[in-house]
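Quick notes on the structure that follows.
Source: prediction; values computed, not measured. Every chain is numbered from 1, with letters handed out A, B, ... down the list of sequences.
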Amino acid sequence: MKNVASVIVDVPAMQTDRTYDYLVPDEWMGSISPGMRVVVPFGPRKIQGFVMELKEKGEVSKLKEISEPMDLVPVLNEELLSLGSWLTDKTLCFKISAFQAMLPAAMKAKYEKFFRLEGTVEIEGLPDPLRPFFNKGSEVSWKAVEEAGFLPIIQKQVKKGYVDVIYKVKAKGKKKTVKKILPNFSENQLEEIIGNLPPQAKKQKEVINYISSEVQAGNGLLLNEILEGAGTTASTIKSLVNKGLLIEKYIEVYRDPFENRAFEKTSPLPLTQQQSEVIGPILEKIDQSLHQTFLLYGVTGSGKTEIYLQSIQRVLEEGKEAIVLVPEISLTPQMVHRFKGRFGDDVAVLHSGLSVGEKYDEWRKIQRKEVKVVVGARSAIFAPFENIGIIIIDEEHETSYKQEENPRYHARDVAVRRAETHNCPVILGSATPSLESFARASKGVFELLTLSKRMNDGDLPSVSIVDMREELRSGNRSMFSQELFEKIQNRLEKGEQTVLFLNRRGHSSFIMCRDCGFVVQCPHCDISLTYHRFSNGMKCHYCGYEESVPDTCPECTSEHIRYFGTGTQKVEEELNKLLPGARIIRMDVDTTSRKGSHEKLLTAFGGGKADILLGTQMIAKGLDFPNITLVGVLSADTMLHLPDFRAAEKTFQLLTQVSGRAGRHKLPGEVVIQTYTPEHYSIELASEHDYDRFYLQEMMMRKMGSYPPYYFITLITLSHEDLLKVVEIAEKLSGFVRSRLSGSTIILGPAASPIPRIKNRYRYQCLIKYKREPNLTATLKTVLDQFQQQYASQGLSISIDVNPYMMM
DNA sequence: AGCACGCCGACT
DNA sequence: GTCGGCGTGCTC
């Protein structure tokens with residue numbers, strides 16, 4: 001009899017990163033299976049856990065019992081369970097973190113502690129103010145006692161045994177319910193019931209009749225439908241319920257984030273010659289149920305989405321399911337529309353704009369097989385489908401596919417892994433593929449499919465590069481070059497639209513003294529504070545520290561202290577000054593933080609309610625309006641100087657992406673790129689739309705620097721409050737790693753991280769570059785084991801990022 | 001991560 | 001002599 005369950009408990013720590021055995025109580029026998037969440041006692045408390053397997057005998061003699069199951073059916077199927085251990089191995093994370101990453105946040109347990117007065121003993125010495133909290137046998141939350149300031153007193157009672165501490169595990173996600181009204185009488189009783197109602201109860205009779213006829217017509221009856229349909233109020237219903245003529249019942253419903261929105265049904269568009277050539281090999285693999293990763297390299301506007309849609313169509317025809325990943329930021333309605341329009345209610349959407357509850361609902365639709373297609377951001381790669389027919393990653397070069405916290409996985413790797421188990425193709429789509437993917441395609445690991453022509457045979461926009469140093473020399477100190485300004489004016493006259501792109505990454509506004517060059521820094525993190533006009537204060541982006549802007553320089557007391565860097569607000573102000581008549585929509589974190597505002601602003605712009613759209617990264621993608629004929633990039637090179645070997649790649653991708661916004665339809669587009677380093681190859685080649693040359697040039701740089709795709713890299717970061725301590729341990733660690741790895745592997749450091757201190761912790765890092773290192777995972781595990789065990793208690797923390805995307 | 005157990009300083 | 005500080009070590 002398999003009545004022992006091995007469970008991974010919800011304690012993300014090295015020491016607990018293993019299974020614990022529990023007895024399955026008789027009452028739950030048969031209803032607990034692997035992949036379910038359970039509540040288990042763990043030491044004195046109760047916590048959530050995942051059942052890994054059922055077995056006959058436990059590892060230890062004395063087993064505790066599972067308290068209760070949290071699910072009726074497993075939330076992780078067999079495939080996801082094994083995917084979880086794969087993820088754990090690949091990213092060196094805790095097993096519990098891997099499993100939790102695969103489920104919506106709503107399914108993560110919440111823990112609460114309660115006090116309960118035991119027995120009938122009157123507690124002596126219990127202060128009067130506590131009595132209202134305490135009735136015998138009732139429970140009071142720990143928090144309430146703490147807030148009232150009675151924690152020490154009650155804890156004393158706990159020690160004496162008069163009060164118990166109760167641990168509760170609560171589910172975060174709630175199922176939304178609506179009230180449904182059912183008749184408590186049959187059709188032939190109708191007359192009699194109406195007759196028995198008092199003559200003055202006119203409304204009640206109407207309601208009874210209404211409900212009866214609706215039920216006969218086969219309609220479900222939600223409370224508010226009745227209220228509307230019969231033109232009555234809740235109190236009438238209530239009295240009928242009280243009379244026993246109606247029954248109220250709560251039924252579960254899904255929150256619908258797309259409520260009140262119609263999606264126009266679309267049908268497959270005829271494919272261009274190129275599109276048909278490209279889709280052929282994909283359909284072939286779908287039909288043969290064979291795995292293959294395709295890199296769909298297509299210029300902006302070449303119709304990649306239609307390829308996705310028609311591939312999915314085929315997959316659905318074969319009764320299988322599809323996962324589509326899109327970068328968080330482009331999960332704008334435009335993209336959702338295209339999928340919902342084609343596949344209607346078969347589509348679930350998962351992205352960060354949804355509330356926890358909405359995400360939970362969408363996830364359950366997938367789990368219950370009520371949808372066939374999921375469109376979502378990174379974590380949607382874990383959609384619990386069981387018969388996947390295709391996985392598509394749009395804009396595959398986007399770095400948001402890499403999770404920057406544990407488990408530090410890349411959705412692309414997970415996609416390939418899942419596709420292998422499901423024997424289905426993967427499509428990686430991009431106009432500017434990541435070097436890694438393109439290199440793999442060149443080597444034949446991926447199959448390269450190319451769309452070189454724009455769908456409407458439109459030309460790519462002409463791009464001109466403006467050297468801002470020249471502008472400065474000729475006396476133009478504004479943020480707009482002569483050329484860009486004239487072109488904006490020209491569009492205004494013609495009634496065409498302009499998109500202005502401000503790249504703020506790595507160049508946010510900071511406060512600097514013009515006399516001594518002093519920059520106000522965070523006292524806890526070695527990074528300059530960012531100026532926020534809204535609060536007229538300065539904020540640290542890493543720890544949240546805030547202070548107000550000084551009047552004089554703290555270093556030299558000069559009054560010439562001012563803020564540098566260009567924010568969107570500042571650009572907007574300047575535009576307003578220079579072009580008083582222009583209607584401007586600004587899109588940045590400030591104006592889009594409210595739910596739905598992103599969409600509203602875009603719709604307004606698309607509807608011609610503004611002449612200029614001004615924004616940050618978030619407008620780089622997905623924007624597809626026919627009237628945009630000019631795109632301006634205010635400073636192209638701000639991210640070029642970041643301490644990141646991918647800086648050039650990211651710059652190229654961004655510029656290409658932004659340029660693609662112009663002239664997508666009938667009107668030809670123009671792009672103006674302003675830069676201080678016009679000679680840089682990433683800027684030059686982006687302006688020529690020459691990915692191929694950029695690829696070759698960048699590959700050369702990577703080869704010289706021994707970076708990916710020539711080498712794999714792994715980044716180890718150590719942090720500690722004491723600088724000397726980190727340095728000392730980092731030295732030891734790198735020595736150890738060096739001794740274990742092969743001679744061809746390059747180990748850089750230890751060196752201070754690009755941000756040497758965050759939240760008062762000094763950071764040192766060690767970069768490992770390797771081509772083939774079969775021992776690496778084992779070595780890193782040993783590193784984690786030994787070093788964590790030896791130094792964790794001293795306050796040292798260690799993080800390992802295999803294939804990092806953020807080098808900070 | 002919690003929480004208990006256990007061993008040393010300032011108080012009734 | 002005890003209350004309570006937080007340093008180790010365990011949790012099926």
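Checking the phosphate oxygens (OP1, OP2) of B/dG2, no side-chain nitrogen or oxygen of A/Lys113 falls inside 4.0 Å. Contact annotation: A/Tyr167 side-chain N/O to B/dC3 OP1/OP2 distance is under 4.0 Å.
Backbone-only engagement by A/Tyr22 is indicated by non-hydrogen atom pairs under 4.0 Å involving sugar-phosphate atoms exclusively.
The CZ atom of A/Arg18 sits 11 Å away from the P atom of C/dC10 (whole-angstrom rounding). As rounded to whole Å, 13 Å separates atom P of B/dA1 from atom CZ of A/Phe42. For the pair A/Asp10 CG and B/dA1 C1', the computed distance is 9 Å after rounding to whole Å. Across the protein-nucleic acid pair, A/Lys46 atom NZ and C/dT11 atom P stand 19 Å apart, rounded to whole Å. If you take CD of A/Gln15 and C1' of C/dC12, they are 15 Å apart, rounded to a whole angstrom. In this structure, A/Lys108 places its NZ atom 11 Å from P of B/dA1, rounding to the nearest Å. In this structure, OH of A/Tyr111 is placed 14 Å from P of B/dA1, rounded to the nearest angstrom. One atom, CD1 of A/Ile96, and another, P of B/dG2, lie 13 Å apart when rounded to the nearest Å.
A/Tyr360 and A/Lys365 form no side-chain donor-acceptor contact under 3.5 Å, judged by distance and modelled atom types alone.
A salt bridge links A/Asp644 to A/Lys650: one of the charged nitrogens lies within less than 4.0 Å of a carboxylate oxygen.
With C/dC12, B/dA1, B/dC3 as the choices, the nucleotide that has an atom nearest any side-chain atom of A/Tyr20 turns out to be C/dC12. In this structure, of B/dC3, C/dT11, C/dC12, it is C/dT11 that holds the atom nearest to the side chain of A/Thr16. Of all nucleotides listed (C/dC12, B/dC3, B/dA1), C/dC12 comes nearest to the side chain of A/Val60.
Applying the side chain to side chain donor-acceptor pair (under 3.5 Å) test between A/Tyr791 and each of A/Lys732, A/His720, A/Lys725, A/Gln786 identifies A/Lys732 as the sole match.
Ring-plane geometry between A/Phe382 and A/Tyr409 is classed as perpendicular, the angle between the planes exceeding 60 degrees on a 0 to 90 degree scale with a lower cut at 30.
In this structure, A/Lys769 places its NZ atom where more than 12 heavy-atom neighbours from other residues, nucleotides or ligands lie under 6.0 Å away.
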